[in-house]
Amino acid sequence: MALCLAASAHADTTTLTVANASKGSSSTPVTMLFPVTRSGDLAYEAVLNYHTLDGTALAGTDYSAASGTITVPAGAGSAMIPVTLSPQTGSGANRTFQLQLDSATGIGPAFSAATQQTFATGSNPSSVTAADLNGDGKPDLIVANVNDNTVSVLLNTSAPGAATSSFATQQTFATGSSPYSVTAADLNGDGKPDLIVANRDSNTVSVLLNTTAPGAATPSFATQQTFATGIGPVSVTAADVNGDGKPDLIVANRLSNTVSVLLNTTAPGAATSSFAAQQAFATGTYPTSVTAADVNGDGKPDLIVANRDSNTVSVLLDTTAPGAATPSFVTQQTFATGLSPFSVTAADVNGDGKPDLIVANYDDNTASVLLNTTAPGATTPSFATQQTFATGRGPFSVTAADVNGDGKPDLIVANYGDNTASVLLNTTAPGAATPSFATQQTFATGSGPFSVTAADVNGDGQPDLIVANVISNIVSVLLNSTAPGAATPSFAAQQTFSTGSGPYSVTAADVNGDGKPDLIVADYFSSNVSVLLNTTAPGAATPSFAAQQTFSTGSGPYSVTAADVNGDGKPDLIVANRLSNTVSVMLNTTAPGAAMPSFAAQQTFVTGTNPESVTAADINGDGKPDLIVANYFSSNVSVLLNTTAPGAATPSFAAQQTFATGFGPSSVTAADVNGDGKPDLIVANYSGNAVSVLLNTTAPGAATPSFAAQQAFVTGTAPTSVTAADVNGDGKPDLIVANANDNTLSVLLNTTAPGAATPSFAAQQAFVTGTAPTSVTAADVNGDGKPDLIVANANDNTVSVFLNTTSPGATTPSFAAQQTFATGAAPASVTAADVNGDGKSDLIVASLSDNTVSVLLNTQYQAVFAGSPATGTIVHDYIFANGFE
């Protein structure tokens, strides 16, 4: 029987048919070919995973057992799956075996890059990273120059969407001796990324606080402060080790075989940084690279170290108590890599919600991928045996980014020995136990590529490649020219799950730390919040959730969000109670990996009258999420500053401060409108037909919030929901408003100057939706790097998807005509999250009238297979046995 496999993307179907095969036996090994034919949509690759099964023919006797993958390239109409038959002579009964397909996946477009552009650095640039230093929405370049004891900063001057990148001439700043590695993080909570440099020969780490004015054409930094490390620090990263909301420093010391952790004790907004003395933890021999990722899903960053001379990678699980003054880690567990692992990074390769390890092996010209098999909350990490993939010569640095927009992290490697960068596209099936990558593509760099990173240099929504070339003293930028994603969205039919009565608001967060987004629903009429734990298998074609667990709120819960209130690494629940004029905070007490969620009893805090919307953002830069509530009948917004101690069992907030809005505020969100590093408030005023913007003027660490008077901008009629996203790729958050009474979406492009004291927006552009749009969110549905718009239409029981077709930097937004998908009755709220771990944004909708939440899985580039295995028949015939066919 033939086997049919169907894969869909661009809302079209491709069909791959694997037929039966037969082959005569021979006195020498011969190959049986199972033909694969393809019809329908050929615009993207399809990858088949297969293995053989014994029948009357036995592996090892009649044929060689086979397993692996084949790729049917975009545009190709056929392929073959080969199986080798063993030498046999004489005649006899025919024997059969089967070819079983295990999985299939669709792959996005092939990667392409423009020829590199090069920019001068200091002497022997050994490390490069990217961060927006001057708040203009563009990633700037930061390079550590090992031979002249400086760090170079090149401000990004590339025009949005430009085909050629441009950067200002480097500005250099003094570091310690032989700066070998650089990273960027906001150490003092002022909203600006500071520089952190590992100084190999002075056994220190330098910290340069960012003093660059918003939008400035010249960067500025405070004079370095240095802090002692181990011997030979060659790699540095930053992560919040003790959950106090501040990034701590982590340094790999290659000559002392340790990793140093320096806890951040810098006061919010301070002009001088401070760190506790290093604590050292043993690694393998000659550690050359360190990164941090939550390996066991407990909400804490674990340490991952590449050990060059022991050919291993070390994993140290974080056991630091929340808010502790001293870090603690479990003794390292080591895992074998290739020869001379020089660089390590972490990314979720197979879409199971766990960070996998990726290592560049300098001496055997490979990249190792170790899939994470650690159980949620486990005290010992585990990883599958490495799989290796060929790179260029002398791979020295590796990073991961989705370069072709198919939702999977691809590998990018700097090859020191042949002056190239390799890109290996990820072809791993969702949830697969074995990773797979396409053969590398190589692109020319400068001489001695030593470090590689990825960032969207020209604002077109695609990650570009940035390489530090240690011998030629330049940094190379290779703009990503890969074809964009699908032109039409595609979603599976909704699956519905029961909630409480009157589900009015829905959000998604990983409640139990298993790497999957769980659903949280505010049930208006039953005065509770429902939590549905995600039990969907990785890559599954149908979502599944455990039955709801309900937790009491105030009266009439109307809006729900999630944020880590007490810094323990778990998302807590925050609910606006419309009828009791309060906001409830329920601290998450769920054990990692638990099958049942648990929350502490709600603590309530007074708001204005009829609070209809709540969000969370760090208003005063102290590293804690504060609460912002839109009060419908009092026509204001409440801000409650978070005063909860790290790890506390009871939340605390300062009394609300209120700020005037328009009439009838029904929705609030927060975004940095003017690029000063502070979250500003954006409010949809239902009765005033306008959206208000209140710029944040709160001093760092202040005990009282302050905002400039609202500025109002015209929307459609009865704006019920507002969100913010960078629609035109200029680095500024634009406003998107759902207007319930005129069935439109308003998009207002942000024209605010960096650091301006008054916001400005272009006049709204309106786009027709379904009937009574009540909720809007933004997510990249088709993997082209642009935020698409998703709207819940209350009166026609649909959700609309508008694909973003706006040109980078355009002054007018554009969207494809809406595509609608059926939901439950009276959809009141919509959000987007990757439910099944395939790297794509799925839709989640709360339906008010039938007390359900709908999940619509994103089927772009979706591949599935069906039918029976194909049969291979070995023909035993005397003539064939003598080699004649």
Side-chain angles (χ1 to χ4, degrees), residues 122 125-135 140-146 148-153 170-213 219-242 244-253 258-280 290-292 301 303 325 327 451 621-623 677 700-701:
S126 61
S127 177
V128 62
T129 194
D132 182 8
L133 298 175
N134 62 344
D140 307 303
L141 305 187
I142 307 146
V143 185
N145 305 303
V146 73
D148 58 11
N149 302 333
T150 62
V151 63
S152 298
V153 175
Q170 62 168 321
Q171 302 289 315
T172 58
F173 302 88
T175 66
S177 180
S178 298
Y180 207 79
S181 176
V182 63
T183 194
D186 181 9
L187 299 176
N188 62 344
D190 65 355
K192 301 175 182 178
D194 308 304
L195 305 188
I196 306 139
V197 184
N199 303 303
R200 183 189 64 190
D201 293 346
S202 55
N203 302 329
T204 61
V205 63
S206 297
V207 173
L208 296 85
L209 293 184
N210 187 349
T211 57
T212 310
S220 63
F221 290 85
T223 303
Q224 65 166 321
Q225 298 171 262
T226 57
F227 302 89
T229 65
I231 303 172
V234 292
S235 178
V236 62
T237 193
D240 183 6
V241 167
N242 63 343
D244 64 355
K246 301 175 182 179
D248 307 303
L249 306 187
I250 305 152
V251 185
N253 307 300
T258 61
V259 62
S260 298
V261 177
L262 297 84
L263 292 186
N264 188 348
T265 57
T266 310
T272 305
S273 61
S274 64
F275 290 84
Q278 64 163 323
Q279 301 290 315
V290 62
T291 193
L303 306 187
S451 176
D622 65 354

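Residues: numbered from 1 along the sequence shown.
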Can V151 and V143 be said to form a side-chain contact (heavy atoms from CB on, under 4.5 Å), step by step? CA-CA 5 Å; V151 63; V143 185; 5.8 Å; no
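The side chain to side chain donor-acceptor pair (under 3.5 Å) check on S220 picks up T211, with sequence neighbours excluded. In this view, D148 and T150 satisfy the side chain to side chain donor-acceptor pair (under 3.5 Å) rule, not counting sequence neighbours.
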Taking distance alone, no hydrogens or angles, what donor-acceptor pairs closer than 3.5 Å link side-chain atoms of residues 203-210 to residues at least two apart or in another chain?
from: N203; atom 1: OD1; to: G232; atom 2: N; distance (Å): 2.8
from: T204; atom 1: OG1; to: N199; atom 2: ND2; distance (Å): 3.0
from: T204; atom 1: OG1; to: S202; atom 2: OG; distance (Å): 3.1
from: S206; atom 1: OG; to: G176; atom 2: N; distance (Å): 3.4
from: S206; atom 1: OG; to: N199; atom 2: ND2; distance (Å): 2.7
from: S206; atom 1: OG; to: Q224; atom 2: OE1; distance (Å): 2.5
from: N210; atom 1: OD1; to: T212; atom 2: N; distance (Å): 2.8
from: N210; atom 1: OD1; to: T212; atom 2: OG1; distance (Å): 2.7
from: N210; atom 1: ND2; to: L133; atom 2: O; distance (Å): 3.1
from: N210; atom 1: ND2; to: P193; atom 2: O; distance (Å): 3.0

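Applying the side chain to side chain donor-acceptor pair (under 3.5 Å) test to every pair with at least one member in residues 225-241, sequence neighbours left out, gives these pairs: Q225-S273. Legend: ring pair (Phe, Tyr, Trp, His ring centres under 6.0 Å) pairs involving residues 219-238, not counting sequence neighbours, sorted by first then second residue: F173-F221, F227-F275.
When all heavy atoms are compared, the tightest approach of V197 to P179 is CG1-CB, 3.4 Å. The two residues S451 and S126 have their closest heavy-atom pair at CB-O, 3.5 Å. Taking each heavy atom of T129 and A184 in turn, the nearest pair found is CG2-N, 4.4 Å.
Of the candidates S127, S178, P125, N145 forms a side-chain contact (heavy atoms from CB on, under 4.5 Å) with just one, namely P125.
Remark: the backbone N or O of V236 is paired with a side-chain donor or acceptor of S181 at under 3.5 angstrom.
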